[in-house]
Amino acid sequence: MVPEELSCAGCGRTGAAADVVTGWSVSRLPRPVGSDAPRTAEQEQLTMHCPDCARRHVRDLEARLDP
């Protein structure tokens with residue numbers, strides 16, 4: 001579930017829940033493989049990045065890949 005107000009972890013930019021469709025990246029920690037325990041508060045915490053920061057992070061990741 002996406003919160004009503006988004007806040008970018010990279011630059012602090014804010015947006016509304018409807019802005020997710022414009023390219024915001026919203027993620028949370030994965031559950032351990034095979035776990036059937038309820039998610040912890042830490043696993044429920046969302047990390048959000050605006051479209052500009054999400055694009056920058058993808059480019060940083062791609063730059064580290066071997067050609």
Side-chain angles (χ1 to χ4, degrees):
M1 181 173 191
V2 178
E4 290 297 317
E5 186 174 315
L6 307 174
S7 179
C8 180
C11 67
R13 179 177 165 184
T14 59
D19 293 332
V20 168
V21 297
T22 63
W24 278 74
S25 170
V26 179
S27 63
R28 62 181 176 188
L29 291 174
R31 290 176 60 163
V33 174
S35 174
D36 59 355
R39 295 179 67 86
T40 64
E42 182 179 315
Q43 291 171 332
E44 286 293 330
Q45 185 176 358
L46 292 173
T47 302
M48 297 167 266
H49 287 96
C50 69
D52 294 334
C53 288
R55 193 175 305 112
R56 185 171 36 256
H57 287 293
V58 167
R59 287 184 182 149
D60 289 345
L61 265 172
E62 289 173 343
R64 291 184 221 152
L65 298 175
D66 289 333

Undergrad: Can you pull the side-chain hydrogen bond (donor to acceptor under 3.5 Å, both in side chains) pairs that have at least one residue in residues 2-19, sequence neighbours excluded?
TA: none
Undergrad: Any side-chain heavy-atom pair from Val20 and Leu6 closer than 4.5 angstrom?
TA: yes
Undergrad: Tell me, do Leu46 and Pro3 make a side-chain contact under 4.5 Å, heavy atoms counted?
TA: yes
Undergrad: Throw together a table of side-chain donor-acceptor distances under 3.5 angstrom for residues 31-42, partners on residues two or more places apart or in other chains.
TA:
{"unit_1": "Arg31", "atom_1": "NH2", "unit_2": "Ser35", "atom_2": "O", "d": "2.8"}
{"unit_1": "Arg31", "atom_1": "NH2", "unit_2": "Ala37", "atom_2": "O", "d": "2.7"}
{"unit_1": "Ser35", "atom_1": "OG", "unit_2": "Ala37", "atom_2": "N", "d": "3.3"}
{"unit_1": "Arg39", "atom_1": "NE", "unit_2": "Glu44", "atom_2": "OE2", "d": "3.1"}
{"unit_1": "Arg39", "atom_1": "NH2", "unit_2": "Leu29", "atom_2": "O", "d": "2.6"}
{"unit_1": "Arg39", "atom_1": "NH2", "unit_2": "Gln43", "atom_2": "O", "d": "2.6"}
{"unit_1": "Thr40", "atom_1": "OG1", "unit_2": "Gln43", "atom_2": "N", "d": "3.2"}

Undergrad: For residues 49-59, dump all side-chain donor-acceptor pairs below 3.5 Å to protein atoms at least two apart in sequence or in another chain.
TA:
{"unit_1": "Asp52", "atom_1": "OD1", "unit_2": "Arg55", "atom_2": "NH1", "d": "3.2"}

